Amino acid sequence: MKIYNTLTGRKEEFVPLIPNKVKIYACGVTVYDHCHIGHARSAIVFDVIRRYMRYKGFDVKYVRNFTDIDDKIINRAKQEGITWDAVAKKYTAEYYKDMDRLGVGRADVEPKATEHIEEIIGIIKGLIEKGYAYEVDSSVYFSVAKFPGYGKLSKRDMEEMTAGARVEVDERKKNPLDFALWKKSKEGEPSWESPWGLGRPGWHIECSAMSIKHLGESFDIHGGGADLLFPHHENEIAQSEAFTGRPFARYWVHNGFITIDKEKMSKSLGNFFTIKEVLDKFDPEVVRFFLLSTHYRSPVEFSDEQLREAESSIDRYYSTIVRINDFFEKEDSGKEEFSNAGEIFEGLLLSFQEKFKEAMDDDFNTALALGHIFELIREANRFLDNKPSGSKDRELLLKTKELLRETGIILNIFGRTPYEWYLSLMKIRKIGLSEKDIPEKIRERQAARQRKDWHTADAIRKELEEKGIILEDKKDRTDWKVKVG
RNA sequence: GGCGGCGUACCCAAGUGGCUAAGGGAGAGGUCUGCAAAACCUUUAUGCAGCGGUUCAAAUCCGCUCGCCGCCUCCA
């Protein structure tokens with residue numbers, strides 16, 4: 001398995017520190033507001049990485065943190081007129097609501113910064129003792145100049161950074177690039193006791209404390225959005241390696257941004273959509289599929305049009321499942337041998353799983369993996385067109401369904417029945433018909449068709465179509481589905 | 001200014017040295033159908049921003065040019 005490592009700038013063969021075990025730390029969110037679709041991307045990417053690692057047989061320990069104390073939370077509390085911890089609690093709950101809907105699983109450990117104050121203080125003390133940090137006026141800073149590898153992740157030269165620094169120069173810092181490990185708290189702000197007086201942790205130190213505590217001093221994969229690369233991850237490396245004297249994370253994995261009109265989606269530009277807004281218009285599976293249909297490191301341009309295309313793709317999957325299910329309703333002809341088409345299809349089926357794994361093994365290429373899935377879907381449809389019948393043919397189609405489900409589980413898509421999919425679409429599309437109205441209309445139309453009253457039959461079809469319901473006439477019955485696209 | 005990335009059909013998107021450049025969406029034509037829908041078939045890139053170079057061989061490597069974006073400040 002190959003993973004692109006930001007630290008080395010190339011794809012590398014993945015070798016875990018401990019055979020068969022993978023330890024992953026992904027930077028979570030600061031719980032001060034609703035999550036936008038960019039947060040969803042990061043969460044989904046690492047959810048898939050974790051699922052695939054598990055599928056490969058690794059014993060995975062996945063840690064994803066919550067930053068529950070920070071300036072933004074404090075400001076938000078003032079705005080909303082509630083306490084800072086109430087803000088954290090509220091938006092943690094909202095986060096879970098969003099992630100549950102998107103099919104993002106819980107991490108094995110979900111630590112919070114405020115639950116690791118003791119560990120944080122321990123590391124800061126250690127850094128001061130080792131000469132990597134200094135106290136100024138009850139705050140503690142990390143001395144970047146003392147750490148020789150500073151800049152190795154973001155490929156930055158310290159001198160250049162200092163020269164072009166846009167950072168406000170804090171006179172108390174020895175070097176403008178030094179960053180706060182511990183911040184003295186102002187009157188009325190949340191604070192914790194420390195050897196340097198009342199204060200709270202800086203942003204970067206919590207991730208070092210939590211990852212070291214839950215995964216050890218060295219672990220396999222550390223990830224997050226590409227915007228965390230600098231300074232967050234760079235600082236994490238500096239303080240962690242300075243403290244432990246050992247290499248920190250081995251593989252650094254960063255997901256790309258979501259853009260709108262080619263520009264990065266961000267709070268400050270105001271060009272963002274919250275997960276909730278998007279899920280009002282699209283099924284969660286559509287969002288997930290859409291985000292996985294581009295490689296995780298590439299930017300994704302977000303638009304309703306693209307989501308609609310994703311919806312059509314998923315519908316193609318469910319339509320095929322309906323066809324396969326219809327096939328199983330038919331009687332087994334008892335024929336023992338393959339049909340001609342069966343032999344061809346079997347070959348493709350046998351190679352599918354390998355191709356899927358090959359794609360995922362190559363730096364989690366979900367876009368290519370989805371391509372293989374749709375190739376299988378096309379071949380399955382082609383096979384079905386060739387009127388399969390015998391028990392061997394049945395086995396093939398059963399295997400097809402199994403493989404699609406198995407690969408679907410890894411991406412956490414294609415997990416529902418077609419009926420559930422259509423019901424969900426009905427809700428989202430706000431189609432003003434109940435599941436009972438439709439069969440009623442279908443019965444009416446069937447009666448008309450029987451007396452060859454095509455005019456009435458077509459009128460009913462048209463009436464339903466205008467409401468977004470498509471009727472499909474089959475040999476012995478009429479099925480319905482929701483119009484997509 | 002420094003560092004990094006991107007530019008593949010009408011749209012989205014894989015592919016980073018070698019079979020006919022995946023897959024999805026959209027359009028056109030066809031098969032099937034009472035009519036449809038779905039599905040399938042055919043079709044839409046002798047070409048991968050442009051120019052030059054390396055090579056038996058390049059979308060893929062190198063150089064230059066053009067265009068777009070990101071990071072360098074909180075940010076997934």
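All chains are named by letter (A, B, ...) in the order of the sequence lines, taking the proteins before the strands, and each is independently numbered beginning at 1. Fair warning: this is a prediction, and the values are worked out from it, not measured in the lab.
- Using modelled atom types and a 3.5 Å distance limit, the side chains of A:Glu236 and A:Ser208 yield no donor-acceptor pair.
- Interface remark: the A:Glu309 side chain does form a donor-acceptor pair with the B:rG24 base, using a distance-only criterion of under 3.5 Å.
- Closest-nucleotide positions on RNA chain B for A:Ser313 and A:Leu269 were compared, and the one nearer the 5' end corresponds to A:Ser313.
- Looking at every heavy atom in both residues, A:Tyr32 comes nearest to A:Val87 through CA-CG1, 4.1 Å.
- A donor atom on one side chain and an acceptor atom on the other are not found under 3.5 Å apart for A:Arg443 and A:Gln446.
- For the pair A:Met265 and A:Asp385, both in contact range of RNA chain B, the more 5′-proximal nearest nucleotide belongs to A:Asp385.
- Under the Watson-Crick and G-U wobble criteria, each requiring two contacts below 3.5 Å, nucleotide B:rU54 is left unpaired.
- B:rU20 makes up no base pair with any nucleotide shown, lacking Watson-Crick or G-U wobble contacts both under 3.5 Å.
- Side-chain nitrogen and oxygen atoms of A:Lys264 include at least one within less than 4.0 Å of the OP1 or OP2 phosphate oxygen of B:rC71.
- Checked by atom type, the side-chain pair A:Tyr296/A:Asp363 shows a donor-acceptor distance below 3.5 Å.
- Residue A:Arg378 has no polar side-chain atom (N or O) positioned under 4.0 Å from OP1 or OP2 of B:rA39.
- The CD-P distance, from A:Glu263 to B:rG5, rounds to 21 Å in whole Å.
- Within residues 36-48 of chain A, the residues that have a heavy atom under 4.0 Å from RNA chain B are, in order of number, A:His36, A:Gly38, A:His39, A:Ser42.
- A:Phe290 has its ring centre no less than 6.0 Å from the ring centre of A:Phe282.
- Side-chain atoms of A:Asp283 and A:Ser424 include a donor-acceptor pair closer than 3.5 Å.
- For the segment residues 219-231 of chain A, residues with any heavy atom less than 4.0 angstrom from an atom of RNA chain B are, sorted by number, A:Gly224, A:Gly225, A:Asp227, A:Leu228, A:Phe230, A:Pro231.
- Residue A:Arg316 places at least one side-chain N or O closer than 4.0 Å to OP1 or OP2 of B:rA39.
- For the segment residues 445-455 of chain A, residues with any heavy atom less than 4.0 angstrom from an atom of RNA chain B are, sorted by number, A:Arg445, A:Arg449, A:Trp454.
- Side-chain atoms of A:Thr274 and A:His34 include no donor-acceptor pair closer than 3.5 Å.
- If you check B:rU46 for Watson-Crick or wobble pairing at under 3.5 angstrom, you find it has no partner at all.
- In this structure, A:Asn381 reaches the B:rC40 phosphate: one of its side-chain N or O atoms is under 4.0 Å from OP1 or OP2.
- Of the N and O atoms on the side chains of A:Tyr91 and A:Asp68, not one donor lies less than 3.5 Å from an acceptor on the other residue.
- The CD1-C1' distance, from A:Ile469 to B:rA36, rounds to 15 Å in whole Å.
- As rounded to whole Å, 12 Å separates atom P of B:rA13 from atom CG of A:Leu291.
- Nucleotide B:rC10 forms a Watson-Crick or G-U wobble pair with B:rG25, both donor-acceptor distances falling under 3.5 Å.
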